Amino acid sequence: MKTPAAALLALTALLPSAALACPGLEIAGGWIRLAPEGAGMTAGYAVLTNTGAKPLEVQGARAAGFSGAELHRSWVENGMHRMSSGALALAPGASAALEPGGWHLMLFGPPALKAGDRRTVTFECGATSASGLFEIRAP
Amino acid sequence: MKISPLAAGAFAGFLALLAGVGTALLFQTPAGTPELQGGTALPQPRPLREFSMTDHTGAAFGPERLQGRWSLVFAGFTSCPDVCPTTLALLQQLRTALAQTGPAPEIVFLSVDPERDTPERLRSYVAHFGEGITGLTGSAEQLEALATQLALAYVKVPTAGGDYTMDHSAALVLIDPQARIAAYFQAPFKADTLASDLRRLLTPA
């Protein structure tokens, strides 16, 4: 399966960027929590809506200036806070809130930032992606 | 998922205490035990035994540091980007709101990740959320001794790339000015509910 995947990546790299959008993914109200000094990670939040006609699966993300980004979910189970990474499925017309205590963007290696700064976050749905501007907020 | 014996022990203690609290509530609800909206007040406050931790300034922290003030203990870790900052920010709002009308508890952030959370690391972490938060860390054994007493559980969970995260109790523990466990609050926390419960508990009748 390595060759077809590589071929697909090579192909998508040649396509104009407009064709790369996660089809119909709308990103609203994006913000990133200002990380404590020296912290290795922080979290980002937004409301994601699938305005398209086909199901979407948001599988990954990247954020400008951060060393990495993943989709994570926090939840409470048997009185315990738990967290794991995952992919977020959005049916046509469905919305999902990335919000404190639930689905969120796990952002690794935060750059030096201050409240009010903005950073571009890109969500990946397989070979396509969609970007939004996220505001840094404290704390 | 690997569960360390220490964490399993803490979790067993947590379950035992929950069962104890449940039983106490079912069979004896003495007059005068406040009914809370977002938690459970212990009919009989439970004194803490000796324990020994280190705070975010590097100073020793034992039961005597809990004497003479109300404290709200939250278990977490600094490599926790979502729930811990969210909770600490909420607890600070709560403190500010309570302080306007009466007593407000100190916040104690108990690290369940002694491998990574040094006092130095805790210092910049708690400072980020403002005054009035004490970060606590210690050896794995010291942590287990305190967490078991508080019935706070934690489990180390490996993640991709050789890293790990910590599952941890979603409860807040209220300690009274005699260093006794007075109440538990369960997540999800609501600022209004917590404020109203704490006003009832902290304000002398």
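This structure is a prediction, so every number in the text was calculated from the model and none was measured. Below, chains carry the letters A, B, ... as their sequence lines are ordered, and counting in each starts from 1.
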Heavy atoms only, distances under 4.5 angstrom: which of B:Ala187, B:Ser79, B:Ala160, B:Ala89 has the most pairs with chain A? Name it, please.
-> B:Ser79
Give the minimum heavy-atom separation between A:Ser74 and A:Met83, together with the two atoms involved.
-> OG-CG, 4.1 Å
Heavy-atom distance under 4.5 Å to chain A: side chain of B:Thr165, backbone, both or neither?
-> side chain
For A:Glu99, is it the side chain, the backbone, both, or neither that has a heavy atom closer than 4.5 Å to a heavy atom of chain B?
-> backbone
Chain A shares the most heavy-atom pairs under 4.5 Å, among B:Asp82, B:Val126, B:Thr159, with B:Asp82
Classify the ring geometry between B:Phe74 and A:His81 as parallel (under 30°), tilted (30 to 60°) or perpendicular (over 60°).
-> perpendicular
Judged by modelled atom types alone, do B:Ser111 and B:Asp113 share a side-chain donor-acceptor pair under 3.5 Å?
-> no
Do A:Tyr45 and A:Trp31 pass the ring pair (Phe, Tyr, Trp, His ring centres under 6.0 Å) test, and can you show the C-alpha distance, the side-chain angles, and the key distance before you say yes or no?
-> CA-CA 5 Å; A:Tyr45 307 99; A:Trp31 64 282; 4.8 Å; yes
Interface moiety of A:Leu34 toward chain B, non-hydrogen atoms closer than 4.5 Å | both
Less than 6.0 Å separating the ring centroids of B:Tyr125 and B:Phe109?
-> yes
Which bit of A:Ala35 is near chain B, if near means a heavy-atom gap under 4.5 Å: side chain, backbone, both or neither?
-> backbone
